Amino acid sequence: MSLTDEALVLIQKMVKSPPLKALSIFNSSTLQGFHHTHHSVSFILHNLISSNMQMHAQSLVLQVLSGRISSPFFTPSSLLCDLTQPHLSSTPTFGHLYEVIINAHVQSQLPEQALHYLNKMVDQGLVPRSNTFNNVLGFLVKSRDFEKAWWVFNEFKGRVQLDAYSFGIIIKSCCEASDLDRGFGVLVQMEEMGWSPNVVIYTTLIDGCCKNGDLERAKKMFCKMGELGLVANQYTYTVLIDGLFKKGQKKEGFELYEKMKLNGVIPNMRTYNCLISGCCNDGNMNSALDLFDEMRERGVACNVVTYNILIGGLCREMRVSEGEKFVNQMKRDGISPNIVTFNTLIDGFCSLGKLEKALILFDQLKSSGQSPSLVTYNVLIQGFARARNSAGVTDLVREMENRGMSPSKVTYTIVIDALVRSDDMERAFHIFSSMEKAGSVPDVYTYGVLIHGLCMKGNMIEASKLFKSMSALHLEPSDVIFNILIHGYCKEGSSYRALRLLKEMRKNGMIPNVASYSSTIGVLCNDGKWEEAEILLKEMMESDLKPSVSLYNIISKAKNDTLLKLST
C-alpha cells in the first residue's frame, strides 16, 4: 500500500470517529512514524474547527510550525499555502481556519507570517474577528514595535472587525511610545466611529499621561470620566496616585486616596505599594509603616515588592536592623526574600560599615539556593573599598570571576575609586587600562574618579589630558568633573584656566557650584583681576547662588589694593 493510500485509510478511520477520538488517532499515527499528507492534515483541522474546537486545531498548527509534525510530502509553508487556496473559500470552516493559522503564528512569535496570512485572508474577502486582529496587534505592542502596530491598525481598521479592546491596544501603544497626542487622536477616532470609550481606555490614557509627565492632562481625563458617568476603578485611582507622588504632589495623592476609599473603591496591593513607596522616598517611614499596618488590617495581601520597598526605605534611613526584622515577618507570611531583599540589606550594612553582618547575609543568600548577582558583588566590593580593605576587594572580585561573572564598568569604577582614595594612582590607572582591554567602556563617572585623583595630587597636566580624551569617546563631562578641575586649577593659582572652564560650563548650560565660583573669584583677586571677579559675583547671584560675606570682602580688598598701587 502506498503512503497516499495509507493516508486515505487514516482519513476513513477519522471520519467514523468523534472529533477528539479522531484527533487521538491522528496523534498516535504521528507518534508511530506515519507520514501525513496535505489531505490528512486538512481533514483533521476542518473536522476540529467544524466541531468548534479551534484551540485543538491551533495546537495542531503549532506542532506543524515547530516541526513536531513533519512529512516528506510537505513543508510548513507549502502545507499552509495549500490549505489557504482561494478556491477553498466556499468551505464553511475556511475563515476560522485562517484565524487558527494567524493565531498559531502569533503564539510562535512570528508576526510577519501572521500579518501575511491576515492580509491574505482579507484579500480573499474574509473578515477576521476582532480577537484575531487584537492578538496580532497586541503582540506587536508587547514586542514594542510601536510603529508597526500603528501601521497595522491604520491599514486594517476598515477591513477587520474592531472592538473597544482594539482601540485600547493601540492607545496603549501610543502611550508607551510617548506619543500622547496620537493616543488622544485615536480616542477621537473611536468616538467618531460610534464607540464609547470605557474605563480601561480612560485609565490607559491617564496612566500614559502620568508616565510621560503630563499630570494636568491626566487630572482632566480623570474628571472627564466622572462627567461621563464612568466609575474609576482601583487601577485608575492607583495610576493617578502614583503619578501625583512621582511629581512630588504627595498631599494631592493622599487626598485622592481618601476620595478613593470614600467612593467605596477598595485599595489593592498595588495602591498600597505605591503609597508606601511614596512615603519611603520622602523619608517618611512612620507614615509608610502605618500604611503597611492598615494594609494588613484590611486583609490586603502583601508581596515581596511591598517588603522590599519598606526594607529599602528603612535602610536609606540607616534603620537597617529594623529592615532585617521584616525578613522574618516575610517568612511568616510565606514570602521568600529575593535577591533584591538581600542586596538591599547587604548594601545597608555596608553603608554602616558592618561588613561582618553584610557577609553573613551574603552567605544566607547563597545557602537559600539563590545566586549572588553582579549588583550583590558590586555592593560588597564598594563596602570593602570604603573600609579600605583591599584584600576583601580582591577576594570578592576573584570569587565573582570564578562564578563566571565579568566585572562591569561599575565594578571597575568602584575598584579604581578605592585605589584613588588609597593614593595609589599607579594601580588605579593599571585597572583603568585593564578595563579598556576587557572591552568595558569607561563612563563619565570613571573619568571623574581618575580626574579627581589627579587633581588632588596636583597633577593638572595629566588631569587636563584625561579630560580632553573624553571627547574621543563622545563622553560629555559632567558638572562634577568641571567643578573638580576648576578647584584643581584654583589650588595651583591658575585663574586663567579656572575662568576658562567656568565659561565653558556656562556655555554648555551647566551652573558651576558655590565652591567653583568662590575659588575662582579668590584666585582672580589674588591676580588683581577684581573686575572679572565682580562679573563672576554678579553671575553667581543671577544663578540663585548665595555668595558668602567673605567673598565680598575678598573682592573689596583686591579692589582697594589695586587702587592703592595705582595711587602710589
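Remember, predicted model here, so these are calculated numbers, not experimental data.
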Lys157-Asn154 side chain donor-acceptor pair, cut-off 3.5 Å: yes
Rounded distance (nearest 0.5 Å) linking atom CZ of Phe245 with atom CG of Leu256: 10.0 Å
Charged N-O contact under 4.0 Å between Lys325 and Glu322: no
Cationic N near anionic O, under 4.0 Å, Glu324 to Lys357: yes
Candidate list Phe384, Tyr377, Phe342, test ring-ring contact (aromatic ring centres under 6.0 Å, His included), partner Phe362, passing option: Tyr377
Arg217 bridged to Asp181 by N-O distance under 4.0 Å: yes
From Glu227 atom CD to Met225 atom CE, the distance as rounded to the nearest 0.5 Å: 11.5 Å
Under 3.5 Å: donor-acceptor pair, side chain of Thr411, backbone of Ser408: yes
Check: Asp290/Ser287 side-chain N/O donor and acceptor closer than 3.5 Å: no
Stepwise side-chain contact (heavy atoms from CB on, under 4.5 Å) check, Cys302 with Phe292: CA-CA 9 Å; Cys302 308; Phe292 179 70; 3.6 Å; yes
Over 12 foreign heavy atoms within 6.0 Å of NZ, Lys409: yes
Ser59 side-chain N/O to Met55 backbone N/O, donor-acceptor pair under 3.5 Å: no
Side chain to side chain donor-acceptor pair (under 3.5 Å) evaluation trace for Thr204 with Asp207: CA-CA 5 Å; Thr204 300; Asp207 189 32; over 6 Å; no
Residues Phe146, Arg144; criterion side-chain contact (heavy atoms from CB on, under 4.5 Å); working and verdict: CA-CA 5 Å; Phe146 301 129; Arg144 304 192 69 77; 3.7 Å; yes
Side-chain heavy atoms of Phe482 within contact of Ser516, under 4.5 Å: no
side-chain contact (heavy atoms from CB on, under 4.5 Å) evaluation trace for Leu205 with Cys175: CA-CA 7 Å; Leu205 281 165; Cys175 291; 4.1 Å; yes
Ring geometry between Tyr237 and Phe222 (parallel below 30°, tilted from 30 to 60°, perpendicular above 60°): perpendicular
CZ on Arg386 to SG on Cys350, rounded to 0.5 Å: 7.0 Å
Any donor-acceptor pair under 3.5 Å from Arg388 side chain to Arg421 backbone: yes
Salt-bridge present (Lys247, Glu216; N to O < 4.0 Å): no
Asn233 and Val265, any side-chain heavy atoms less than 4.5 Å apart: no
Backbone N/O of Ile335 and side chain of Asp333: donor-acceptor pair under 3.5 Å: no
Aromatic ring pairing Phe167/Trp195, orientation class (parallel under 30°, perpendicular over 60°, tilted between): tilted
Salt-bridge criterion met for Glu258 and Lys261 (N-O under 4.0 Å): yes
Pairwise side-chain contact, Val397 with Thr394, heavy-atom cut-off 4.5 Å (strictly under): no
Asn103 and Asn131: side chain donor to acceptor below 3.5 Å: no
Salt bridge flag under 4.0 Å for residues Arg296 and Asp293: no
Test item: Cys209 and Leu215 side chains (from C-beta on) under 4.5 Å apart, heavy atoms: no
Distance in Å, Met221 CE paired with Phe184 CZ, rounded so as to fall on 0.5 Å steps: 4.5 Å
More than 12 heavy atoms from other groups under 6.0 Å of CD on Glu542: yes
Exercise: do Arg182 and Ser173 side chains pair donor with acceptor under 3.5 Å: no
Ile266 atom CD1: more than 12 heavy-atom contacts under 6.0 Å: no
Residues Asn338 and Thr341: side-chain donor-acceptor under 3.5 angstrom: yes
Flag, side chain of Ser108 to backbone of His105, donor-acceptor distance under 3.5 Å: no
Lys538 atom NZ, over 12 foreign heavy atoms within 6.0 Å: no
Side-chain donor-acceptor contact under 3.5 Å, Gln54 with Glu99: no
Close side-chain approach of Pro197 and Met190, heavy atoms under 4.5 Å: yes
Spacing of Met260 atom CE and Thr236 atom OG1 [to the nearest 0.5 Å]: 9.0 Å
Under 3.5 Å side-chain donor-acceptor pair for Thr132 and Asn135: no
Met470 atom CE: more than 12 heavy-atom contacts under 6.0 Å: yes
Between CE on residue Met285 and CD1 on residue Ile276, distance to nearest 0.5 Å: 9.0 Å
Centroid-centroid distance, Tyr447 to Phe432, less than 6.0 Å: yes
N/O donor-acceptor pair under 3.5 Å between Asp443 side chain and Tyr445 backbone: yes
Aromatic plane relationship, Phe156 with Trp151 - under 30° parallel, 30 to 60° tilted, over 60° perpendicular: perpendicular
Heavy atoms of other groups near Tyr165 OH, more than 12 under 6.0 Å: no
Distance-only polar pair, side chains of Asp347 and Thr344, donor-acceptor under 3.5 Å: no
Electrostatic pair Glu294-Arg298, nearest N-O below 4.0 angstrom: yes
